[in-house]
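Quick notes on the structure that follows.
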Amino acid sequence: MNLYTHFGEQLTGVLEALREQGVLPLDADFSRITVEPPRDPSHGDIATNAAMVLAKMAKMPPRDLAKKITELLLQLDDVKKAEIAGPGFINISITALFWQKILIAAFDNEGLYGRSQLGQGQKINVEFVSANPTGPMHVGHVRGAVFGDALANLLDFTGFDVSREYYINDAGAQVDVLARSAYLRYLEALGEEIGDIPEGLYPGDYLKAVGADLAEKHGDEFKGQEESQWLETIRDFAIDAMMDQIRGDLKTLNITFDQFFSERSLKEGDVNMVAQSIEDLRDKGLIYEGTLPPPKGKLPDDWEDREQTLFRATDFGDDVDRALAKADGSHTYFASDIAYHRDKYMRGFTSMIDVLGADHSGYIKRMKAAVKALSDGEAELDVKICQLVKLLRGGKPVKMGKRLGTFITLREVVDEVGSDVVRFIMLYRKNDASLDFDFYKVQEQSKDNPVFYVQYAHARVHSVLYRKIPLEMPDLDIADIDPLSEDLSLLVDSGEVALVKRLAQYPRIIEQAAKAHEPHRVAFYLYELAADLHMQWSRGTEKPELRFISDGNKKVTGARAVLLLAIAKTLASGLGILGVHPIEEMR
RNA sequence: GGUCCCGUAGCUCAGUUGGAUAGAGCACCAGAUUCCUAAUCUGGGGGUCACUGGUUCGAAUCCAGUCGGGAUCACCA
């Protein structure tokens with residue numbers, strides 16, 4: 001139950017009544033009305049700007065209109081107070097009974113609290129990671145992987161039909177380089193002296209195993225052969241091996257995909273989908289042969305003013321038209337990507353999200369343009385950019401160099417700090433802001449570390465419910481706690497009320513995070529919920545009567561147990577969206 | 001030079017898609033532990049929301065421009 005949409009509906013009922021009375025015109029527009037928590041809690045529980053927004057249409061001063069609205073609001077069962085404030089805000093306080101209803105909703109055993117039908121089962125495609133299959137995943141891929149996975153969780157939680165996809169770039173020049181690199185390792189496995197790996201090939205040790213496997217499978221079949229004899233076989237073998245490795249790497253972060261989509265499959269099926277996509281756009285008059293103006297400023301050294309096949313991206317908001325064919329006649333990466341997104345569209349996805357690294361921000365406009373064009377405006381693409389992660393160790397930057405082979409792999413990061421820590425930290429920042437990841441700080445067990453802080457809150461609750469209550473109040477069986485039979489009106493302390501109110505925010509936060517495609521909002525919410533819990537806990541040290549286990553008072557303890565269970569469930573629910581385990585005890 | 005992102009407390013960042021007196025953590029200062037984990041909590045100081053205009057009942061938020069930082073800039077992926 002979302003408190004604000006609930007009262008939004010109630011308010012709409014009131015406004016419709018006023019429209020019937022002729023106070024509001026028949027065509028009154030309610031769309032700009034908001035129903036929100038006021039920033040200052042002393043203003044009540046819910047604030048609406050309805051009177052200010054509608055004042056002009058009603059041709060009366062905001063405060064006068066507010067008076068008419070509040071009179072009707074006060075007749076509603078769940079409204080305790082409705083007051084006019086400032087220029088015409090209406091502040092609503094709701095009844096204690098209604099807060100109890102919310103607590104009961106939050107207690108829900110099926111994990112339904114916070115779920116919504118926002119997505120209405122709409123299909124949505126989330127493409128993320130899509131790292132080149134030329135080596136193990138390195139630390140640069142981690143953020144996008146975690147972000148995409150959490151976003152997919154969030155959308156699933158809010159009623160979308162989500163597909164997680166990984167686009168395998170297995171058609172470009174880079175996989176040929178991979179094949180040549182693997183071929184060298186293959187020769188090495190056959191006992192040849194290969195010396196240093198030449199510049200331009202992949203030097204990593206991870207290809208040694210691929211070479212050995214090739215040698216075992218093919219013997220010396222390819223030894224001394226022309227490249228054309230072995231390239232394809234070895235390339236396919238190496239790509240499969242790399243994808244296995246990548247899948248394994250992602251598994252350490254509990255990330256799986258619904259679909260791995262091969263770029264090559266677009267070109268090698270019965271019909272060349274890339275060519276067909278271009279023809280499709282050509283039929284729409286969006287393709288032409290022409291020349292591009294050279295980029296302003298410094299001219300590239302090898303600039304060549306030639307005619308090329310261009311997509312009219314400028315018709316859809318891009319800055320220049322974009323090339324679809326290279327000088328040698330083959331398709332550009334962009335052309336393949338158009339075909340891929342067209343494939344998504346034809347599979348029924350009118351809503352797509354691409355999660356990309358910061359270095360691809362220049363790619364956004366053309367891809368959005370392409371999706372609009374190929375779907376005749378029916379499909380929507382949102383591109384989420386994940387900014388760089390700065391790796392630190394005790395405040396000092398971790399030095400990495402691909403050439404030196406000192407880049408840090410995803411697996412090394414997860415092995416050192418654990419999946420939960422990696423995931424939470426990566427999500428505790430807005431995706432388009434850069435992020436510091438300090439190996440030492442993220443493992444610190446102190447309140448400076450948000451992962452720990454939230455985990456600790458969950459463990460604390462668990463400790464009271466399942467360790468202390470059985471000891472101190474053995475006749476209260478937590479497993480049998482039923483919010484409907486406990487007297488929730490006993491939760492009157494300000495800290496308890498604050499916790500219930502915080503729980504009430506959860507559905508709204510989830511919905512906003514899902515709409516904005518911003519899972520970090522969930523992480524920040526969990527931090528606040530944890531803070532409220534720790535605060536209430538500490539108040540119990542000063543005032544023993546506020547402790548969750550109320551000495552000898554089974555009724556009060558029972559009511560507080562309902563609150564604690566609701567908190568634990570909400571923490572677990574939110575952490576679940578982030579893909580972080582709610583731990584039950586600290587070690 | 002074009003485009004995109006960012007600019008909020010000394011530092012790291014939130015800011016409910018336009019609401020009321022702009023928030024949290026760190027750091028700094030002052031406190032709390034015979035107690036369910038003090039692995040925590042309480043209080044305090046600290047701001048020209050980069051700047052200038054505009055839109056309106058109302059702007060950190062939207063628009064235009066300026067300044068500063070980052071990414072990117074035919075054909076690579």
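Note on naming: letters A, B, ... go to the chains in the order of the sequence lines (proteins, then strands), and numbering restarts at 1 for each one.
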Give the nucleotide from the list [options] with an atom nearest to the side chain of [X].
X	options	result
A:Glu518	B:G19, B:A77, B:G15	B:G15
A:Ser361	B:G19, B:C4, B:C57	B:C4
A:Arg460	B:A77, B:A38, B:G19	B:A38
A:Gln308	B:U56, B:C36, B:C75	B:C75
A:Ala516	B:U17, B:A39, B:A77	B:U17
A:Gln174	B:G15, B:A77, B:G19	B:A77
A:Thr332	B:C36, B:C57, B:C75	B:C75
A:Arg32	B:C5, B:A20, B:C57	B:C57
A:Ala323	B:C75, B:U56, B:G15	B:C75
A:Arg366	B:G15, B:A38, B:A77	B:A77

Please work out which of the three classes, parallel, tilted or perpendicular, describes the rings of [Y] and [X], given edges at 30° and 60°.
X	Y	answer
A:Phe311	A:Phe316	parallel
A:His520	A:Phe524	perpendicular
A:His141	A:His138	tilted
A:Tyr340	A:Tyr167	parallel

Does [N] have OP1 or OP2 under 4.0 Å away from a side-chain N or O of [X]?
X	N	result
A:Arg508	B:U17	yes
A:Lys430	B:G15	yes
A:His520	B:G15	yes
A:Trp303	B:C75	no
A:Lys365	B:C4	yes
A:Tyr453	B:C41	yes
A:Lys326	B:A77	yes

Base, sugar-phosphate alone, or nothing: which one does [X] contact when heavy atoms must sit under 4.0 Å apart?
X	value
A:Thr541	base
A:Asn49	base
A:Ala173	sugar-phosphate
A:Ala55	nothing
A:Met52	base
A:Ile549	base
A:Glu304	base
A:Ala325	nothing
A:Tyr363	base
A:Ser434	sugar-phosphate

(Q) Using the six-membered base ring of B:A24, report whether A:Tyr527 stacks on it, requiring centroids under 5.5 Å and planes under 30° apart. (A) no
Q: Give a yes or no on whether a donor-acceptor pair under 3.5 Å exists between the nucleobase atoms of B:C35, that is its base, and the side chain of A:Arg547.
A: yes
Q: May I ask you to verify whether the side chain of A:Asn91 and the base of B:A20 hold a donor-acceptor pair under 3.5 Å?
A: yes
Euclidean distance for [atom1], [N] against [M] (whole angstrom):
N	M	atom1	value
B:C63	B:C6	P	11 Å
B:U52	B:A9	C1'	24 Å
B:U12	B:G7	P	12 Å
B:A20	B:G15	C1'	15 Å
B:G23	B:A14	C1'	7 Å
B:G70	B:G53	C1'	27 Å
B:G47	B:U34	C1'	44 Å
B:G10	B:U3	P	33 Å

Q: Could you check which nucleotide pairs with B:C36 in any of the strands shown, counting Watson-Crick or G-U wobble with both distances under 3.5 Å?
A: none
Q: Could you check A:Asp176 against A:Arg235 for salt bridge (Lys or Arg N to Asp or Glu O under 4.0 Å), going step by step and ending with a plain yes or no?
A: CA-CA 6 Å; A:Asp176 289 345; A:Arg235 184 186 62 199; 3.4 Å; yes
Q | Rounded distance in Å - CG (A:Asp436) to C1' (B:A14) | A | 16 Å
Q) Just wondering, are more than 12 heavy atoms of other shown residues or ligands nearer than 6.0 Å to NZ in A:Lys67? A) no
(Q) Which heavy atom of A:Gly8 sits nearest to which heavy atom of A:Val35, and what is that distance? (A) CA-CG2, 3.8 Å
Q.
I need the A:Phe89 CZ to A:Thr34 OG1 distance, nearest 0.5 Å.
A. 8.0 Å
**Q.** First of A:Ser538 and A:Asn132 reached from the 5' end of RNA chain B, by closest nucleotide
**A.** A:Ser538
